[in-house]
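Since the structure comes first, as structure tokens, the remarks are kept for the end.
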Amino acid sequence: MLCRRQFTQLSAAAMASSVVASSCSTDNNSYGDAVSQIWRHTNIPPANEMALQRELVRYATLAASGHNTQCWKFQLEDRLISILPDLERRTPVVDPDDHHLYASLGCATENLVQAAKANGLESTVDLGAGESIKIHLEPAQAVSSPLFEAIPNRQSTRTDYDGQPLSNEELKQLEQTATGTGVNLMLLTDKQAMEKVLAYVIEGNTLQINDPAFVKELKTWVRFNEKEAVCKGDGLFTKSSGNPTLPQWLGNRLFGMLLSAESENEKYTHQLRSSAGIAIFVSDQETQAHWIEAGRCYQRFALQAEALDIRTAFLNQPVEVASLRPQFATSLGISDYRPDLVVRFGRGPKMPRSLRRPVGAVIV
Ligand SMILES: Cc1cc2nc3c(=O)[nH]c(=O)nc-3n(C[C@H](O)[C@H](O)[C@H](O)COP(=O)(O)O)c2cc1C
């Protein structure tokens, strides 16, 4: 067993080598190579406990995060992994109270727990101690699950789906997997109910796109071409949303001009109307622990969906615009609660993948 100091030294050495590997000078590292390196299961079995912990962190980084900020840091100790917020990766305009930041940490937590179980480690997640999430790991029988198997295949699929409903059995399975402690899931499949949500998506999106601060912040996270996406290893790669690539200088110049509320609203209308349903995650209380739990529930939902070959994508505008959120809650009949996350789902094609930073860049 390694002591904390040894852990830290080994992590630092590994980090140094990964940072070099992730440098923007690696022009030859094509987008396709990056995708196959990132979105995969373990290829070399970890040789020791620290290597295993790093591998669990790698799985955690394959989780969703708002704007793909990857707003997480990981600390490795003997039989313990802590997930901390990376506050330099906040998005204060779209997420002023860090709700999405903590939900994103919840997404990473869920992937880590699923990967630990498949690798013979039972997790106890402790949200009680300060800002960090402590995941205690105890040896147990290795149990792989469809959720674990789905980790490298899940993606936020921002395109039209096939408009077909899901079976009751599939809806039940999604609901059972995604419900958590203090977090409830509303599944809307009725067309009228979905149209009501669409009206709030359109209102929220219009307010966001007409807000120069929102557009400025969003632009800093857009990756306009493969090279920029590979270099930074984070952010929103244009092709993942079905948009063309551009030279970075041109993208930066044109972004504000090309982004129009009208065309985005038209796109969201098609996307939502082609979906089989909408999942809304609602936690009992407005605390960081509940937001983390909501993130865990979403991540399980998305992994279960992936296991059933069902696509998912967020449409969070109604919960992001603070002035709209209470009206949205009232329209859902939950005026005493804060709806956390809005996700559409259905069957459809896959989209180009988003990228990740290397494990070494997120271990502290
Ligand atoms: C809390 C949270 C909020 C998000 N909000 C949105 C959103 O409103 N619209 C959207 O298209 N994607 C949203 N996303 C998805 C992220 O942009 C996505 O996870 C990230 O780009 C990485 O891509 P991937 O999920 O395909 O791995 C959100 C993700 C999280 C965790």
Would you say the side chain of [Y] lies within less than 4.5 Å of the side chain of [X], judging by non-hydrogen atoms?
| X | Y | value |
| --- | --- | --- |
| Y31 | K239 | no |
| E217 | P92 | yes |
| Q317 | F328 | no |
| E49 | D78 | yes |
| W72 | T61 | yes |
| E228 | F237 | no |
| L52 | L121 | yes |
| M351 | S156 | no |

Donor-acceptor pair, distance only, cut-off 3.5 Å: does the side chain of [X] make one with the backbone of [Y]?
| X | Y | answer |
| --- | --- | --- |
| R356 | A63 | yes |
| N265 | A261 | yes |
| S132 | I83 | no |
| N111 | Y59 | yes |
| R296 | G180 | no |
| D160 | S274 | no |
| R154 | L303 | no |
| T238 | P244 | yes |
| S104 | G66 | yes |
| S30 | D33 | yes |

Test side chain to side chain contact (heavy atoms under 4.5 Å, CB included) applied to T124 - qualifying residues, sequence neighbours left out: H136

Whether over 12 other heavy atoms sit under 6.0 Å from E266 CD: no

Heavy atoms of other groups near N210 CG, more than 12 under 6.0 Å: yes

Criterion side chain to side chain contact (heavy atoms under 4.5 Å, CB included) on I310 and R347, from CA distance to verdict: CA-CA 5 Å; I310 295 164; R347 289 206 158 79; 3.6 Å; yes

Distance in Å, [X] [atom1] paired with [Y] [atom2], rounded so as to fall on 0.5 Å steps:
| X | Y | atom1 | atom2 | value |
| --- | --- | --- | --- | --- |
| T157 | R353 | OG1 | CZ | 8.0 Å |
| D234 | R89 | CG | CZ | 4.5 Å |
| L236 | T220 | CG | OG1 | 9.5 Å |
| Y102 | T109 | OH | OG1 | 12.0 Å |
| T312 | F345 | OG1 | CZ | 10.0 Å |
| T330 | R325 | OG1 | CZ | 12.5 Å |

State yes or no: do [X] and [Y] share one hydrophobic cluster built from I, L, V, M, F, W and Y residues joined by side-chain heavy-atom distances below 4.5 Å, directly or via other members?
| X | Y | result |
| --- | --- | --- |
| L324 | I334 | yes |
| V321 | I278 | yes |
| V125 | V183 | no |
| L76 | I133 | yes |

Any pair counted as side chain to side chain donor-acceptor pair (under 3.5 Å), so long as it reaches residues 189-204, sequence neighbours left out: E195-R273

Y161 six-ring face occupied by R311 cation (under 6.0 Å, within 45°): no

Matching residue for R90 among T69, D95, D98 - test: side-chain hydrogen bond (donor to acceptor under 3.5 Å, both in side chains):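 Running side-chain hydrogen bond (donor to acceptor under 3.5 Å, both in side chains) over T69, D95, D98 with R90 returns exactly one hit, D98.
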
In terms of relative ring orientation, are [X] and [Y] parallel, tilted or perpendicular, with 30° and 60° separating the classes?
| X | Y | answer |
| --- | --- | --- |
| F224 | F255 | perpendicular |
| F214 | H67 | perpendicular |
| Y298 | F281 | perpendicular |

If you take all heavy atoms of [X] and [Y], which pair is closest and at what distance?
| X | Y | answer |
| --- | --- | --- |
| L355 | N68 | O-ND2, 3.1 Å |
| C297 | T179 | SG-C, 4.0 Å |
| N119 | A142 | C-CB, 4.3 Å |
| V94 | Q208 | CG2-NE2, 3.9 Å |
| R40 | R58 | O-NH2, 3.0 Å |
| T91 | W221 | CG2-NE1, 3.6 Å |

Test log, rule side-chain hydrogen bond (donor to acceptor under 3.5 Å, both in side chains), inputs Q114 and E110: CA-CA 6 Å; Q114 296 293 339; E110 189 58 39; 2.8 Å; yes

Side chain to side chain donor-acceptor pair (under 3.5 Å) partners for S260, two or more places apart: S263

T287: side chain to side chain donor-acceptor pair (under 3.5 Å) partners, not counting sequence neighbours: H290

Trace of the side chain to side chain contact (heavy atoms under 4.5 Å, CB included) decision for V93 with D211: CA-CA 10 Å; V93 179; D211 174 2; 4.2 Å; yes

Ion pair E306/K350, N-O distance below 4.0 Å: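 Here E306 pairs with K350 in a salt bridge, since their nearest N and O are under 4.0 Å apart.
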
Contacts of E149 that satisfy salt bridge (Lys or Arg N to Asp or Glu O under 4.0 Å) - sequence neighbours left out: none

Intermediate values then yes/no, side chain to side chain contact (heavy atoms under 4.5 Å, CB included), L341 and F301: CA-CA 12 Å; L341 299 167; F301 180 89; over 6 Å; no

L174/L166 under side chain to side chain contact (heavy atoms under 4.5 Å, CB included): CA gap, chis, key distance, verdict: CA-CA 10 Å; L174 288 173; L166 302 188; 4.0 Å; yes

Show me the donor-acceptor pairs, under 3.5 Å and distance only, between side chains in residues 357-364 and residues at least two apart or in other chains.
residue: R357; atom: NE; partner: Q70; partner atom: OE1; Å: 3.2
residue: R357; atom: NH2; partner: Q70; partner atom: O; Å: 2.7

